[in-house]
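Let me give you the structure first, and then I'll get to my questions.
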Protein chains: 2
Amino acid sequence: MSKASFAITLDSFDLAILRILQRDNSTPQRVIGEAVNLSAPAVQRRIRRMEEAGVIQAHVAIIDPIQVGQAITIFVEVEVISETADLIDAAKREFASVPEVQQCYYVTGEADFVLVVVVPTMSAYEALTRRLFFGNNNVKRFRTFVAMDRVKVGLAVPLPG
Amino acid sequence: MSKASFAITLDSFDLAILRILQRDNSTPQRVIGEAVNLSAPAVQRRIRRMEEAGVIQAHVAIIDPIQVGQAITIFVEVEVISETADLIDAAKREFASVPEVQQCYYVTGEADFVLVVVVPTMSAYEALTRRLFFGNNNVKRFRTFVAMDRVKVGLAVPLPG
DNA sequence: ACTCATACGAAAATATCTTGCACTCAGCCC
DNA sequence: GGGCTGAGTGCAAGATATTTTCGTATGAGT
């Protein structure tokens, strides 16, 4: 990994480019250029600069989980027993390493972690809970919320301007 | 939008292609072809087919929210008063229409909705709660979890095989 | 065995991305 | 002012990538 990720300043051109890319990154640079009033090479150079600075973290395809047999999305709130730095870091590493855990946040409030889990069946989820929660003696309690509808799903960030 | 989204069958080539694309969709088709033992046009045709079937829903750039000034990620569990179909649909539409609401799921369990919210400041979040929750008389209660660490963030789906 | 549908690879045709170069415009120092 | 420097631009050419075309192979159904 060589993601430099030092902060850079973004002007309104950059933000306009980001707005387009986070909706559809297969848009040709020529088209982006027309939209923001810049030449294609200028757009290209700005994109590269933002990639190197870590503003753009990745370029990915979004896949419909249902069509690949991962039909169930589940939220889990996890409460741990001990919040020492070591144990928290261990929990972070463990949750992050599980492919079924799509997202994991360490949070304040009534829970310590919130997970978004994607599994093919409820029994797969049950197996996962055994491994991840019952099998971890620092987990005090967890609460499960099964998604009936994925009303809005994305990672698009609201951009100023 | 005319996303047909009828189910298609995916073979192991398709899954291999998806695995690559959901990690880096800027990978050239030629390189994908080498990885999965297919020619570039064959890869291309399979990608197009999966796009048309809705298996691939979008191609997007992932942006670091912190570097664009949206530093705070928040989870919200929302409980509503009345769960009639009309009111639930209205809530879905309202939550989905808000740019700060990055994700919204309609769930079973102790809450009815779970939201992932991205905002620049806590006061922006407070303003949002006024508008979205206090300003909606079908919202019974909501609980806020502020993310201290985005341990793992993505929409990658675990693929069988 | 024949036909049809599907999918493939090779190669040609397009389109896109990338790079080199010359230019402009600010800021800054003498 | 005059002249320098650095950042950023557009244009044009060259390098890659994508898309189309075309001929062929495979397998299912008749």
### Query
When you look at CZ of A:R49, are more than 12 heavy atoms from neighbouring residues, nucleotides or ligands closer to it than 6.0 Å?
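For A:R49, atom CZ is crowded (more than 12 foreign heavy atoms under 6.0 Å).
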
### Query
Listed by chain and number, what are the side chain to side chain contact (heavy atoms under 4.5 Å, CB included) partners of A:V114, not counting sequence neighbours?
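In terms of side chain to side chain contact (heavy atoms under 4.5 Å, CB included), with neighbours along the sequence ignored, A:V114 is linked to A:F75, A:V107, B:F75.
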
### Near-strand residues of residues 27-50 of chain A, defined as heavy-atom separation under 4.0 angstrom from DNA chain C
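Listed by number, they are A:P28, A:Q29, A:R30, A:P41, A:Q44, A:R45, A:R48.
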
### DNA chain D: 5'-most and 3'-most nucleotides touching chain B, 4.0 angstrom heavy-atom criterion
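Going 5' to 3' along DNA chain D, contacts run D:dA17 to D:dT21.
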
### Task
Answer yes or no: is there an ion pair linking A:D11 with A:R46, defined by an N-O contact shorter than 4.0 Å?
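Between A:R46 and A:D11 there is a salt bridge, with a charged N closer than 4.0 Å to a carboxylate O.
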
### Query
Do B:H59 and B:E51 come within less than 4.5 Å of each other through their side chains, counting heavy atoms only?
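SC-SC contact between B:H59 and B:E51 confirmed.
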
### Message
More than 12 heavy atoms of other residues, nucleotides or ligands under 6.0 Å from CZ of A:R150: yes or no?
### Response
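Yes - once you tally the heavy atoms of other residues, nucleotides and ligands closer than 6.0 Å, there are more than 12.
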
#### Entry: Aromatic ring pairing A:F134/A:F142, orientation class (parallel under 30°, perpendicular over 60°, tilted between)
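Answer is perpendicular, since the angle exceeds 60°.
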
### Query
B:F133 vs B:F95 aromatic rings, parallel, tilted or perpendicular, using cut-offs 30° and 60°?
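Ring orientation, 0 to 90° scale: perpendicular.
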
